[in-house]
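Okay, structure first, notes after.
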Amino acid sequence: LLLYLRGGGGEADGGACRARFVDLSRLGRWPSVSAEIASAVRLGMRAMRSLTLDGNAIGGAGAVLESWCSAIEAHPGLQHMSLRDTGLNDANVERLAQVLRDHLV
């Protein structure tokens with residue numbers, strides 16, 4: 001999954017992940033891979049317009065939330081996000097609102 005998200009999809013497409021709809025819901029082993037996945041999203045996936053993170057605890061630790069905020073900031077073309085059951089509290093939502101202020105979301 002990380003290889004694909006980072007753009008290692010193959011030489012035929014230039015190695016870029018061209019997915020527009022990205023659903024990363026309910027991934028197993030989330031705590032151990034969250035930061036790496038956020039980094040892969042941040043550094044690639046320029047075509048992404050919709051991101052779903054349902055069921056993954058992005059609000060549990062400050063570093064995890066910040067890695068996802070950084071990934072979201074890197075995608076000004078993002079038009080839709082789903083964050084159901086992600087453990088967000090009021091402070092987390094306020095931080096995400098700051099990040100999304102200049103987005104179409």
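Computed over heavy atoms, backbone and side chain alike; hydrogens, waters and symmetry mates excluded. Please read these numbers as outputs of a predicted model, since none were measured by experiment.
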What's the shortest heavy-atom distance between [X] and [Y], and which atoms?
{"X": "Ala38", "Y": "Ala71", "result": "O-CB, 3.4 Å"}
{"X": "Leu65", "Y": "Leu88", "result": "CD1-CD2, 4.3 Å"}
{"X": "Val64", "Y": "Ser34", "result": "CG1-OG, 3.3 Å"}
{"X": "Gly87", "Y": "Asn92", "result": "O-OD1, 3.7 Å"}
{"X": "Gly77", "Y": "Arg49", "result": "O-CD, 3.1 Å"}

Notebook entry, point to check: Do Val93 and Leu78 sit in the same hydrophobic cluster, where Ile, Leu, Val, Met, Phe, Trp and Tyr count as joined when their side-chain heavy atoms come under 4.5 Å apart?
Noted result: yes
Item checked: Donor on one side chain, acceptor on other, Thr52 and Asp54, under 3.5 Å ->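 Distance-only check fails for Thr52 and Asp54.
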Note to self: Measuring from atom CG of Leu24 to atom OG of Ser82, what distance do you get when rounded to the nearest 0.5 angstrom?
What the structure shows: 11.5 Å
Next item on the list: Starting at CE of Met48, measure out to NE2 of His80 and round the result to the nearest 0.5 Å.
Entry: 12.0 Å
Note to self: Run the side chain to side chain contact (heavy atoms under 4.5 Å, CB included) test on Leu53 and Asp23 for me, step by step, so that the C-alpha distance in whole Å, both residues' side-chain angles and the decisive distance to 0.1 Å come before the verdict.
What the structure shows: CA-CA 7 Å; Leu53 295 171; Asp23 187 343; over 6 Å; no
Flag the pair [X] / [Y] as yes when at least one side-chain heavy-atom distance between them is below 4.5 Å, and no otherwise.
{"X": "Val22", "Y": "Val41", "value": "no"}
{"X": "Trp68", "Y": "Val99", "value": "no"}
{"X": "Arg95", "Y": "Cys69", "value": "yes"}

Notebook entry, point to check: Is the CG atom of Asn89 crowded by more than 12 outside heavy atoms at less than 6.0 Å?
Noted result: yes
Next item on the list: For Glu94, look at atom CD and say whether over 12 heavy atoms of other residues, nucleotides or ligands are found less than 6.0 Å away.
Entry: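 No, the 6.0 Å shell around CD holds no more than 12 heavy atoms from other groups.
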Next item on the list: Could you walk me through whether Leu51 and His75 pass the side chain to side chain contact (heavy atoms under 4.5 Å, CB included) test, one step at a time?
Entry: CA-CA 10 Å; Leu51 176 63; His75 290 282; over 6 Å; no
Note to self: Determine whether Glu73 and Arg42 satisfy the following criterion, side chain to side chain contact (heavy atoms under 4.5 Å, CB included), listing intermediate values before the conclusion.
What the structure shows: CA-CA 8 Å; Glu73 282 178 316; Arg42 180 176 55 83; over 6 Å; no
Notebook entry, point to check: With distance as the sole test, does Ser70 use its side chain to make a donor-acceptor pair with the main-chain N or O of Ser67 at under 3.5 Å?
Noted result: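 No, Ser70 side chain to Ser67 backbone: no donor-acceptor pair under 3.5 Å.
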Next item on the list: I would like to know whether Ile72 and Leu96 meet side chain to side chain contact (heavy atoms under 4.5 Å, CB included); could you show each step before the answer?
Entry: CA-CA 9 Å; Ile72 293 164; Leu96 278 169; 3.8 Å; yes
